[in-house]
Asks: 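This is the structure I have questions about; it appears just below.
Note that the structure is predicted; figures quoted are calculated from it, not measured. Residue numbering restarts at 1 for every chain, and letters A, B, ... go by the order of the sequence lines.
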Amino acid sequence: MFEKDSLRAISHKMNTQPHQNMSSSPQIISSRRYIDEASSLNPAQRQAVEITEGPLLVLAGAGTGKTRVLTTRLASLLLSHKAWPSQVLSVTFTNKAAFEMKERVAKLIEGSAEGLWLGTFHSICVRILRKHAELVGLQSSFTILDTDDQLRLIKQLVKAESLDEKKFAPRIVASVISRWKDRGLTPSKITPTSDFEKIILRLYEFYQDRLRILNAADFGDLILLCLKLFMDHSDVLAQYTTQFRYILVDEYQDTNVAQYLWLRLLAQGTGNICCVGDDDQSIYGWRGAEVGNILRFEKDFPGAVIVRLEQNYRSNAHILGAASSLISQNAGRFGKTLWTEKTGGEKVHIQGVWDGEEEARLVGEKVEDLHRQSQSLNQMAILVRAGFQTREFEERFLTLGIPYRVIGGFRFYERLEVRDALAYMRIVVQPQDSLAFERIMNTPKRGIGTSTLQILHQYARCEQVSLPEAALRLIETDEIRGKAKTALHTLLHDIGRWRSQLTTTPHGELARIILDESGYTAMWQVDKSPEAPGRLENLKEFVNALEEFESLPTFLDHVSLVMENITNTSAEMVSIMTLHSAKGLEFNTVFLTGWEEGLFPHQRSLGESGEAGLEEERRLAYVGLTRARERAIITFAANRRVHNQWQSGIPSRFIDELSSQHVERFTVGKRHSFSPPPRRQLPDIHTPQPSSISKTFHVKQRVFHMKFGYGYIVTIEGSKLEIDFDHSGLKMVMGSFVESAE
DNA sequence: CGATAGTTGCTTTTT
DNA sequence: GCAACTATCG
């Protein structure tokens, strides 16, 4: 290791002279694997790997080997000694992608990729901010607030300002503030355009004040503060612009304004920035992502070279054709024509089902079928639009005994007991962490109730101090009496004692001590509820996970930034996930479920941002389809339970937008008859008419409440309910039912 | 202060 | 169909 590094250092020295003409200078590329990889690239890919100087934009369609280009390029930089690991800044979209990229690079260079600055914008910014925290008014031990903490804090502020908690719902306030932060706007740079914004701006200011007191930063701050650091301290910026000789950015279409400005500052040194992205896969507009960034690249970085990757290696011709016809409906895109050498293959299946339950049953059957044909479960994915849809599949798979994993979904670190345990760790590491303190103050029950908490809050606000600090001062006075006083005293004393052990005790052991001595473990041991044993199990798991890290603060950073579940990738499992978390992945078989108007495209996205919202949904559909290599199966349900209410839906407009030569329609079940589309004049589905029929009735002992909107034809004859989905040519007949008295 | 029962509103998507 | 909040009482 040492020897290799010093060799690298020497060759680096030899290479510090500017490389005028890299392509003709001899390159020292010694890795067999790298040579193999590079020689298998197509001309466009090779070009993207070899242009290492100056700004480069790789416009890469779905399945065109974008990741391969990026990793090969990185490996090339290292092997040719143009840069050593610490001089490469590589920004990816998820921590998982960063991890995989690191592994691939290590393989290509047949050595270690340690020392690379490889990670998400957030993790890189944390790394930088920890070093210069004082310059932006934080201590280097600052806490990273997660969404939950953020909402709690905002809620407190809204309450303190006695504002209408409905109009200024924490969620809404948080999202407005976050959007401002995404655009790189600190409070002073904002000119509110309405009274509503004026108030939120005030809340934004208060919120930032509170964060400062708490020595905390939220997700948006990580980028914003780092940006501020670079803008206010040119010496710090210079340090990094000289260090990073090469900058690589994955998924450039998902960057927001703040991230873009951040990148521009860093890239101004060498100008060696390579961005990879696909405007058709921009699906994070709602999070502040600016497609404009990618569309403007040439203007932003003069002399930029643009390389297009258009040969798709992933999907079969039908899937690619269907996806292309879909995305071509969008205006305002770069426009790429993906093509493939593959021919034949299965057409895209489209299947209508009666309800969500049947959808799950159908998918379950298909999975079993394919599995019987010795298709790996790892090669199958079920993609949903919204998180709640996973449940029906989980239930079905549990009864069928099909192993599955939910990606994204409910995370380990979001569980009640894990969050409590985390709060204990946080308050020990970070004395100012009011939110953690509030959380554990009376968990387990110590007799410190709401009235005590109120006194603390009031004092903390008046004196501009953190909650634990307020507690510390108030137990010296007579403000708090009796049981609460002694309990608080003991707690604060305990926290102090644990903190003093931070340097002397191994952190795994310390965690156990904290959980035991605080009485937290005992609380669950005494608990007789059925969840209690599981929670204790999770606490053990928590300590195990914690021991994997070098220290408690490192672990806490990991938890805030890496929200992914620790999943066992080796086991055979079907993946269930949202379309958003499917980005960047690929599978042989992909089930695209819930393609119904209102769910996909989602009602909210249509309502809020109109045409732009619809286009983003369409891109989402495109992303989903292009995940599939061999088989894509689209399903839609005629009925779905939303908020415990049955609602009938009509097939997604996206289904009609798929070129008919690439799709095949099916229907399932004995009770459904399929008739070809009669194609008669239909009411405009985009302007739904008021619900004309709304009835509650029983079907097989179950109560249904259905609203039939959209002017669709529903016939009720005798004990039969018939719904005619003219739009798709699908007619469904439901078995006997009894109309209720309602 | 804390336990309990009843009530409401909620679900897009995530670093 | 659930979590999170509210009202009431011991």
Asks: Where the side chain of A:His580 is defined as all heavy atoms beyond and including C-beta, which of C:dG1, B:dT11, B:dT14 is the nearest nucleotide?
Replies: B:dT14
Asks: With a centroid cutoff of 5.5 Å and a plane-angle limit of 30°, would you call A:Phe219 stacked on B:dT15?
Replies: yes
Asks: What is the separation between atom CD on A:Glu251 and atom P on B:dT13, rounded to the nearest whole Å?
Replies: 20 Å
Asks: Is the phosphate of B:dT15, meaning OP1 or OP2, less than 4.0 Å from a side-chain N or O of A:His122?
Replies: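 For B:dT15, neither OP1 nor OP2 has a side-chain N or O of A:His122 closer than 4.0 Å.
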Asks: Both A:Phe93 and A:Thr452 contact DNA chain B. Which one's nearest nucleotide lies toward the 5' end?
Replies: A:Thr452
Asks: When you get a sec, tell me which of B:dT15, B:dT11, B:dT13 is the closest nucleotide to the side chain of A:Ala386?
Replies: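 Side chain of A:Ala386 sits closest to B:dT13.
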Asks: Whole-Å distance between B:dT11 C1' and A:Phe388 CZ?
Replies: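 Taking CZ of A:Phe388 and C1' of B:dT11, I get 7 Å after rounding.
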Asks: Between the protein and nucleotides 5-8 of chain C, list every N/O to N/O distance that falls short of 3.5 Å.
Replies:
from	atom 1	to	atom 2	distance (Å)
C:dC5	OP1	A:Lys155	NZ	2.4

Asks: Closest to the A:Thr147 side chain: B:dT12, B:dT15, B:dT13?
Replies: B:dT15
Asks: Polar atom pairs between nucleotides 2-4 of chain B and protein, under 3.5 Å, N or O only, would you list them?
Replies:
from	atom 1	to	atom 2	distance (Å)
B:dG2	OP1	A:Gly447	N	3.2
B:dG2	OP2	A:Asn442	ND2	3.3

Asks: Measure from the side-chain N and O atoms of A:Asp146 to the backbone N and O of A:Ser560, and report whether any donor-acceptor pair falls under 3.5 Å.
Replies: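 Side chain of A:Asp146 to backbone of A:Ser560: no pair is present.
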Asks: For the side chain of A:Asn256 and the backbone of A:Gln259, is there at least one donor-acceptor N/O pair under 3.5 Å apart?
Replies: yes
Asks: Roughly how many Å is it from CG in A:Asp182 to P in B:dT14, rounded to a whole number?
Replies: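 After rounding, the reported distance stands at 15 Å.
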Asks: Think A:Arg171 has a side-chain N or O under 4.0 angstrom from the OP1 or OP2 of B:dT11?
Replies: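 Yes, A:Arg171 has a side-chain N/O under 4.0 Å of OP1/OP2 on B:dT11.
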Asks: Would you mind telling me which residue lines up with the more 5' stretch of DNA chain B, A:Leu453 or A:Thr578, judged by nearest nucleotide?
Replies: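 Residue closer to the 5' terminus by nearest nucleotide: A:Leu453.
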Asks: Determine the contact category for A:Tyr284: base if any of its heavy atoms lies under 4.0 Å from a base atom, sugar-phosphate if only primed atoms, P, OP1 or OP2 are that close, otherwise nothing.
Replies: sugar-phosphate
Asks: If we count only N and O atoms by modelled type, under 3.5 Å, do the side chains of A:Tyr622 and A:Arg618 hold a donor and an acceptor together?
Replies: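 Side chains of A:Tyr622 and A:Arg618: no pair found under 3.5 Å.
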Asks: Using atom CD of A:Glu392 as one end and atom P of C:dG1 as the other, report the distance to the nearest whole Å.
Replies: 10 Å
Asks: Atom CG of A:Asn256 to atom P of B:dT13: distance rounded to whole Å?
Replies: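 For the pair A:Asn256 CG and B:dT13 P, the rounded distance is 20 Å.
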Asks: Does any N or O in the side chain of A:Ser434 come within less than 3.5 Å of the main-chain N or O of A:Leu467, such that one atom is a donor and the other an acceptor?
Replies: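 Yes.
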Asks: Whole Å only: how far is the CD1 atom of A:Ile223 from the P atom of B:dT14?
Replies: 18 Å
Asks: Would you say the base of B:dT15 and the side-chain of A:Arg287 have a donor-acceptor pair closer than 3.5 Å?
Replies: no
Asks: When rounded to the nearest Å, what value does the distance between P atoms of C:dA4 and B:dT13 take?
Replies: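 Here C:dA4 and B:dT13 have their P atoms 16 Å from each other.
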Asks: Look at the rings of A:Trp262 and A:Phe230 and say which category their plane angle falls in: under 30° parallel, 30 to 60° tilted, over 60° perpendicular.
Replies: parallel
Asks: To the nearest Å, how far apart are A:Arg391 CZ and C:dG1 C1'?
Replies: 6 Å
Asks: Under 3.5 Å, is there a donor on one side chain and an acceptor on the other for A:Thr635 and A:Glu359?
Replies: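 Yes, because at least one side-chain N or O of A:Thr635 sits under 3.5 Å from a partner of the opposite role on A:Glu359.
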Asks: Could you tell me the separation between the CG atom of A:Leu129 and the P atom of B:dT15, rounded to a whole number of Å?
Replies: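 In whole Å, B:dT15 P lies 19 Å from A:Leu129 CG.
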Asks: Hey, is the main chain of A:Leu145 close enough, under 3.5 Å, to the side chain of A:Gln150 for a donor-acceptor pair?
Replies: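 Side chain of A:Gln150 to backbone of A:Leu145: no pair is present.
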Asks: Quickly, which of A:Leu592, A:Thr578, A:Leu599 forms a side-chain contact (heavy atoms from CB on, under 4.5 Å) with A:Val384? Name it, please.
Replies: A:Thr578
Asks: Please answer whether B:dT13 and A:Trp286 are stacked, defined here as ring centres separated by less than 5.5 Å and planes angled under 30°.
Replies: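 So A:Trp286 counts as stacking on the base.
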Asks: Check whether A:Arg627 reaches the backbone of A:Val623 with its side chain - one donor and one acceptor, N or O, closer than 3.5 Å.
Replies: yes
Asks: I'd like to know if the side chain of A:Glu617 and the backbone of A:Phe600 have a donor-acceptor N/O pair within less than 3.5 Å.
Replies: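 No, because the side chain of A:Glu617 does not come within donor-acceptor range (under 3.5 Å) of the backbone of A:Phe600.
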